[in-house]
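The next block holds one structure in the form of structure tokens; read it before the comments.
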Number of protein chains: 2
Amino acid sequence: MANIQQVAKHAGVSVATVSRVLNDQNTVSSKTRLKVEEAIKELNYEPSMLGRNLRNSESRIVLILIPTISNPFYLEIIKGIENVAISHNYNILLCETDSDPEKENIYFDLVRKKMADGIISMDPAVNVETLKQLAEKYAIIQCSEYGGGIGIPYVTIDNEEASYRAVKHLLQIGHTKIALMNTDEKFLYARERKMGYERALKEHGIEMNNNYIFYTKDLGFENGQQAMKKILNLKQRPTAVFAVSDLLAIGALKEINASGLSVPGDMAVVGFDKIDFSNMTNPTLTTIAQPMYKMGTTAAKMLIEKIRGNKVDSVVLDFELVIRESTAG
Amino acid sequence: MANIQQVAKHAGVSVATVSRVLNDQNTVSSKTRLKVEEAIKELNYEPSMLGRNLRNSESRIVLILIPTISNPFYLEIIKGIENVAISHNYNILLCETDSDPEKENIYFDLVRKKMADGIISMDPAVNVETLKQLAEKYAIIQCSEYGGGIGIPYVTIDNEEASYRAVKHLLQIGHTKIALMNTDEKFLYARERKMGYERALKEHGIEMNNNYIFYTKDLGFENGQQAMKKILNLKQRPTAVFAVSDLLAIGALKEINASGLSVPGDMAVVGFDKIDFSNMTNPTLTTIAQPMYKMGTTAAKMLIEKIRGNKVDSVVLDFELVIRESTAG
DNA sequence: TATGAAAATGTAAACGATTTCATTGTGGAA
DNA sequence: TTCCACAATGAAATCGTTTACATTTTCATA
């Protein structure tokens, strides 16, 4: 495997000149450029990024931290990040933390050890203290899930308002007994979405009923099934459920179907995220569409700015309520 | 940011000694080791992987090539690869090719330029010629999808047999008019699965009927819907469908439901892959379970062996037929 | 033709680790 | 005490680039 020295010798020039050709510098005469390019061809030379990266003190790799790759919610965001990254000559390392601080630390080490130039964190369970500390020295952006007020730039939607709109939709089509399927309130978005839920109810003169609020440990399909089981067992059974993730909602859907009830006839269901699958279920799912691709591209652009050493501001993007069969009574 | 020189100076030793401490070499006296460790603490030193990688001529990064991140089939495989990789101190770069040779080439360049130590390819549409050429110089393993006979080690299941078993199951529960929803036969697995389909039919004295075979461009949900639409319009309508991917099958499911027919009463459906979502549909999907996690770990171990310069052999893993509601008539 | 600014090229020092080989230090045996 | 084997340490080369600075070349102008 040839290196730049050999190319230089073969072309009869210095390594500096070869490097200039490689980096498209305009200070090379077309004659020598040709010589060099020929040598490169003949030797089948490929510049080593290891050498270049060391010299430039960069890795051109950015980390994406997600709790699990199994939640399709992240897929579109990742695509957005990826496209921007690639067009800026960055590559992405997808890091599944399983919300495990130990795994998390492996990845944090990657930036400490210069193997990564920055991080986009989408893990709501991330250790905020560590992250904050890391952010003092390294480029970090939070995407979709963020610890508030810790001074790290983020991109998100207005969760309170989105939740409000979802619940309001249920109220408008006549529901008054509406259950909330939420996650642990240690997560900011969980608290925000509950607030939106409460505001919508209040606005319609309905008092929030704690018996109608269910907390799940995770955002997965099974969690939705289990929670729905409990809801169906209530003596005062609600007529609608608002779940804070599509996977939860799909679990609910499955459970309702299994119990012989029908959606939306007996029970309306609203999800959150608009993952691909939300359109594949039977019935299709009413949900809040997060602008996932846009979130990804935005976060990536912010990160690259940050890596360049510029200051960046947080961004709040628009969402949309998508009404489909699961509430189209 | 401290470097090894400064640590050496601070500890009053040479850089060689610091490096020895870093790499756990036993030739360091416990006294100096202590001094060095103290200096590392005090200076908050983190060894740079850029320097180390250059010196060692390795990146400790491996590439995973997949056509699209949207097909959940790959998720479990990726997890398997990831776990093995991490435990061997490798990191993985997830590369979405969109089956676009140009994007593919960006990633191939990464290994040519030493930014990656090897590739696990799961892209059936990969440019086999390039891959073959690359495999002469770099470590490459094919996982799940493979170009046959090109001398690159692969891990897969017996697609012909799996398909045979799926169709045989349908025959055994009484179906005789069975449609096949396949993809382009330029893919080896598509040809193999068709052969299995044919063998099962033949064994039951049924001649293969080309009107019952449908080709889709991709393996997505929409492709399944479209193909099912055609199937439902046949005058001699089949009573069962075998789709070569779960996403196709789920699209079919959706279309059957939409047309007012019921599964499995009017139409039985079998998928392939056992993705998570195949258990969330209504009804749940009968499918061929590929040992995805195992495929991932196996491929990763093979790749690491290959990187080390050892010869590795291809592997064929077991599959399983999982019978669920969509055929439980 | 001599001059000098601008353009083209070269030299050598980084970047930050690992490792070979040489050197020094240590302790036990004679 | 002397010597030797072996353990511990250090000096310096190396991995493959980029780039500041120095040097040479070119060429229009006086």
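This one's a predicted model, so the numbers in the text were calculated from it and none came from an experiment. Proteins come first, then strands; the chains are lettered A, B, ... in the order of their sequence lines, and each starts at number 1.
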Heavy atoms under 4.0 Å, any strand shown: does A:Ser48 hit a base, just sugar-phosphate, or nothing?
sugar-phosphate
Contact class for A:Asn53 vs. all strands (heavy atom < 4.0 Å): base, sugar-phosphate, or nothing?
nothing
Nearest heavy-atom pair of B:Tyr74 and B:Met122: which atoms, and what distance?
OH-O, 3.6 Å
Give B:Val18 one of three labels, base, sugar-phosphate or nothing, depending on what nucleic acid heavy atoms sit under 4.0 Å from its own.
nothing
Atom of B:Leu63, atom of B:Ala116 and distance for their closest heavy-atom approach:
CD1-CB, 3.4 Å
Could you check B:Gly51 against B:Val28 and say which one's nearest nucleotide on DNA chain D is further toward the 5' end?
B:Val28
For B:Thr97 and B:Pro67, the nearest pair of non-hydrogen atoms, with its separation, is OG1-CA, 3.5 Å
Report the distance from atom CE of B:Met49 to atom P of C:dA17, rounded to the nearest whole Å.
11 Å
Nearest listed nucleotide, side chain of B:Asn56, among D:dT18, C:dT18, C:dA17:
C:dT18
N/O (side chain, A:Arg52) to phosphate O (OP1/OP2, D:dG16) under 4.0 Å
no
Any base atoms under 4.0 Å from A:Ile4, or only sugar-phosphate, or nothing? Heavy atoms, all strands.
base
On DNA chain D, does the nearest nucleotide to A:Ala16 precede the nearest nucleotide to B:Thr27 from the 5' side, or the other way round? Give the residue.
B:Thr27
Looking at every strand, decide which applies to A:Gln5 at a 4.0 Å heavy-atom threshold: base, sugar-phosphate, or nothing.
base
Touch class at under 4.0 angstrom, heavy-atom based, for A:Ser29 against every strand present
sugar-phosphate
Winner on side-chain proximity to A:Thr17, out of D:dG16, C:dT19, C:dT9, is C:dT9
Per atom distances to the A:Ser19 side chain, the nearest of C:dA17, D:dT19, C:dT9 is D:dT19
Does the B:Arg20 side chain pair with the main chain of B:Asn26, one donor and one acceptor, at a distance under 3.5 Å?
no
To the nearest angstrom, how far is A:Leu50 atom CG from C:dA14 atom P?
22 Å
Rounded to the Å, how far apart are A:Gln25 CD and D:dT17 P?
15 Å
Candidate nucleotides C:dG16, C:dG10, C:dA17, ranked by approach to the side chain of A:Arg20 - the nearest:
C:dG10
Compare side-chain N and O positions of A:Asn3 against OP1 and OP2 of D:dC15 and report whether any pair is under 4.0 Å apart.
no
Winner on side-chain proximity to A:Arg55, out of C:dC15, D:dA8, C:dA17, is C:dC15
For A:Glu46, which contact category applies under a 4.0 Å heavy-atom criterion: base, sugar-phosphate, or nothing?
sugar-phosphate
Test item: side-chain donor near acceptor, B:Ser59 and B:Asp117, under 3.5 Å
yes
Using a cut-off of 4.0 Å on non-hydrogen atoms, how would the nucleic acid contact of A:Leu54 be classed: base, sugar-phosphate, or nothing?
base
Please state how far atom CD1 in B:Ile40 lies from atom P in C:dA17, giving the value in whole angstrom units.
10 Å
